[in-house]
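First up is the structure itself, then whatever we jot down about it.
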Amino acid sequence: MSPKTGRPKAENPKGLRFSIRLDNDLASRLDDYCNKNNCKRSEAIRKGINLLLEK
């Protein structure tokens, strides 16, 4: 039997997908944030959701 190849399983897999609609201004602001903070859109959105839930 050969060893498995590929990526290891994630500790907390992100299996749920959401689709949202943004206007051009908000999408541009999100992209600016991501460029300045060197992150992906999904990471920035998760961070924003966490900030909302901490209040």
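Numbers here simply count residues along the sequence, with the first being 1.
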Here the pair of heavy atoms bringing Leu26 nearest to Leu22 is CD2-CD2, 3.6 Å
Nearest heavy-atom contact between Ala44 and Leu30 is CB-CD1, 3.8 Å
Once you round to the nearest 0.5 Å, how far does [atom1] of [X] lie from [atom2] of [Y]?
X     : Y     : atom1 : atom2 : value
Lys47 : Ser42 : NZ    : OG    : 11.5 Å
Lys36 : Asn38 : NZ    : CG    : 14.0 Å
Arg46 : Lys40 : CZ    : NZ    : 9.0 Å

Under 4.5 Å between side-chain heavy atoms, hopping through other hydrophobics if needed: is there a path connecting Ile45 to Tyr33? no
With hydrophobic residues grouped by side-chain heavy-atom distances under 4.5 Å, do Leu53 and Ile20 end up in a single group?
yes
Around atom CG of Asn24, are there more than 12 heavy atoms from other residues, nucleotides or ligands closer than 6.0 Å?
no
Next item on the list: Return yes if some donor-acceptor pair links the side-chain N/O of Asn37 with the main-chain N/O of Cys39 below 3.5 Å, else return no.
Entry: no
